[in-house]
Amino acid sequence: MAKKLAEEAIEVVIDAVNGNTPAVVRESADLLYNLTVLWARPVSGPRTCGAKWSGASICSELPRSCRNRR
């Protein structure tokens with residue numbers, strides 16, 4: 001499963017670099033699906049990830065141009 005997740009992530013990056021927005025959307029959906037499947041496993045669930053993120057601002061990870069969009 002981790003290998004499939006990595007493959008999907010690489011496809012998203014390649015499509016983004018090439019400016020292929022429809023492909024980025026499609027591949028992002030696949031990436032999120034595979035991440036959800038990986039999270040369903042006991043060792044790497046969303047709570048484990050949430051513990052890492054507690055106190056961290058996800059917004060600080062976004063490019064400045066995206067931070068204040070609403």
Side-chain angles (χ1 to χ4, degrees):
M1 182 47 55
K3 181 179 176 184
K4 184 64 179 167
L5 183 67
E7 290 171 2
E8 296 297 344
I10 290 168
E11 289 176 7
V12 170
V13 170
I14 291 169
D15 290 332
V17 167
N18 291 331
N20 188 346
T21 302
V24 170
V25 171
R26 283 192 310 273
E27 296 301 337
S28 293
D30 291 344
L31 177 61
L32 291 172
Y33 170 80
N34 285 293
L35 180 59
T36 303
V37 170
L38 182 67
W39 277 356
R41 296 179 178 189
V43 176
S44 59
R47 289 187 182 169
T48 304
C49 296
K52 182 206 178 292
W53 283 355
S54 65
S57 171
I58 295 172
C59 190
S60 68
E61 302 297 322
L62 295 173
R64 289 185 189 271
S65 61
C66 297
R67 291 184 191 172
N68 293 320
R69 288 187 184 172
R70 292 193 181 170

> Which atom pair, heavy atoms only, marks the closest approach of Val24 to Val12?
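That closest heavy-atom pairing would be CG2-O, 4.1 Å.
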> Give the minimum heavy-atom separation between Asp15 and Ala23, together with the two atoms involved.
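Looking at all heavy atoms of both residues, the shortest contact is OD2-CB, 3.3 Å.
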> Taking Tyr33 as the starting point, is it possible to reach Leu5 by hopping between hydrophobic residues whose side chains are less than 4.5 Å apart?
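Yes, Leu5 and Tyr33 fall within the same hydrophobic cluster.
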> In Å, rounded to the nearest 0.5 Å, how long is the span from CG of Leu31 to NZ of Lys4?
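So the gap between those two atoms works out to 10.5 Å.
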> So do the side chains of Glu27 and Asp30 get within less than 4.5 Å of each other, counting heavy atoms only?
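Yes, their side chains come closer than 4.5 Å.
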